[in-house]
Structures are given as structure tokens and as C-alpha cells.
Amino acid sequence: MTEAPALSIASRLEQIQARITAAAKAASRPAAGVHLVAVSKTHDAEACLEALAAGQRLFGENRVQEAQGKWPALRHRYPGLELHLIGPLQTNKVADAVALFDVIETLDREKLARALVAERDKGRRLPRLYIQVNTGAEEQKAGILPEAAPAFIALCRDELALPVEGLMCIPPVDEEPAPHFALLAQLARQHGLPAISMGMSGDFEIAIRFGATHVRVGTAIFGERPRAA
Ligand SMILES: *Cc1c(COP(=O)(O)O)cnc(C)c1O
């Protein structure tokens, strides 16, 4: 038996967009309110170029250093693209991240908030920021605990005047994601934050049902990752 040829990145993107549109419609939401962040971590510039050629302009990377090696040249060719940092950010990489990313989705602690303020004080234009919430209260996972989120949002947005626009979460892998999505959406609503980043390859349709404005999809577009990331 011969294996079916693998679908191209372009046709996978088309399929995911169709599923996003259907999920939005089922939730009585405008499809234009759901943005696909194509998670290209571990995949090379050629794969990113395929997605860019297919019209995709919004991408997510989880490591500053890897993104630095890939994206400046791609951005030169496609000035309109938008790059999101979706992985943990160490304070010693803040200047690099500020220079490279349009959105940092992983603001999760006061030290990082103050490092961003320090960049702004040096005259740097800050990326838009989402606060990562550890909805499952997992010890090893990044993100502010849900009960600490209101005070942290107030600190970042009101006291430090950081450009906080949304919330992001990664539910525990072994749990139903729905309650986590519901919690994140509720927090965002309570605090008037318009962007809600949640849902990955396996659960983005559920996330859309609960109000996701940004779904972060990697494997379903680019295929399995060559190494764990
Ligand atoms: C890798 C990653 C994704 C994409 O995961 P897939 O299951 O490959 O779609 C989404 N969000 C974050 C934070 C990630 O690190």
C-alpha cells in the first residue's frame, strides 16, 4: 500500500481556517473575531515561507533565540506579518523580545512587568501584552494563578501603564479544557480585556465556543514537531 501524500501547509491552513469559520458560526460569533496564530516553533524558515505564501501573516514562536534566527529576514520580505511570543520569557531576554515581537502573550510576573517598564523607559516601543494565567494551578507551569490575576492585571495595566490587551492560558494536558477556557474568558470579560488567546491543535474549536479571539495552532498546520518543544 502506498501512503497518501502529505497535505501541503497551504491546504492545511485552508482546512484550519474553514474549521475556525464553522466553529465561530456554531457559536454565533463572527469568524473575523477569531485569529489564527500559526505556531511555527521548531519548523524552519522554509515552512514559514510556505505559510506566508499562502497568505498567513500571524505567527507564534516560543523561544526568543529561535525566533531571532528565523524572523528578521522573513519580516523583511513580508513587512505586514505579526509575531507573537507564546513561550516563557526570561528577564535577560526582554530587550531582544521587545525588539522582535509584536505581541508578548506570556507576561506572568512582576519582575517581568518591571523589566518591560525599564525597556519603555529607555525609549523602546513595547509590544502589546497578554497576561498568561495558570488556570490549572499547575506547579511547573508558567502563568499567574487565577486568584492573583485581578491584582496583577491592575498592577500591569493601571499602575505600570503597560499595554495589556488580553489573557492567555494553556490548560493542563490531562484535563477537559472547557472549564479552563470558561475561566479565562470570564476573567477577560471582568477586566475589559479584548484579546483571549486559548486553544491549540486539539481543542481550538472548543476554545472558540468559549470566546477565544486567538487560537494557537502548530501541529495541525506544520505537522509533528521534529523535537519536543
Ligand atoms: C506549541 C504550542 C502551541 C501549539 O500546539 P499544537 O498542539 O502543536 O497546536 C500552542 N500554544 C503554546 C503556548 C505552545 O507552546
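First listed ligand is number 1; within each ligand, the first listed atom is number 1.
Within the 4.5 Å cutoff, no side-chain heavy atoms of Asp203 are placed close to those of Arg209. When side chains are defined from C-beta on, Leu129 does not count as touching Ile131, because their heavy atoms never get closer than 4.5 Å.
Other residues, nucleotides and ligands contribute only 12 or fewer heavy atoms inside 6.0 Å of the CD atom of Glu176. For Gln140, the CD atom is densely surrounded, since the number of other residues' heavy atoms within 6.0 Å is greater than 12.
In the vicinity of Ile170, heavy-atom distances shorter than 4.0 Å reach the ligand 1 atoms 13 (C). Close contacts of ligand 1 with Val217, meaning ligand atoms under 4.0 Å from a residue heavy atom, involve 9 (O). Distances below 4.0 Å separate heavy atoms of Thr219 from the following atoms of ligand 1: 6 (P), 7 (O), 8 (O), 9 (O). Counting the atoms of ligand 1 from 1 in the order shown, those under 4.0 Å from a heavy atom of Arg216 are 4 (C), 9 (O), 10 (C), 11 (N), 12 (C), 13 (C). Listed by atom number, the atoms of ligand 1 under 4.0 Å from Lys41 heavy atoms are 1 (C), 2 (C), 3 (C), 14 (C), 15 (O).
Proximity of Glu105 to ligand 1 is not established, as no heavy-atom distance is less than 4.0 Å.
The residues Arg19 and Glu205 are annotated as salt-bridged, a charged nitrogen and a carboxylate oxygen being separated by less than 4.0 angstrom.
Taking each of Ser40, Ala220, Ser201 in turn, the one with a heavy atom nearest to atom 7 (O) of ligand 1 proves to be Ser201.
Backbone and side-chain nitrogen or oxygen atoms of Gly218 are examined, and one is located within less than 3.5 angstrom of a nitrogen or oxygen of ligand 1. Ligand 1 has an N or O atom lying under 3.5 Å from an N or O atom of Arg225, backbone or side chain.
Leu13 and Ile20 end up in the same hydrophobic cluster when Ile, Leu, Val, Met, Phe, Trp and Tyr side chains are linked at under 4.5 Å.
In this pair, Tyr130 and His84 present their aromatic rings perpendicular. The plane angle is above 60°, beyond the 30 to 60° band.
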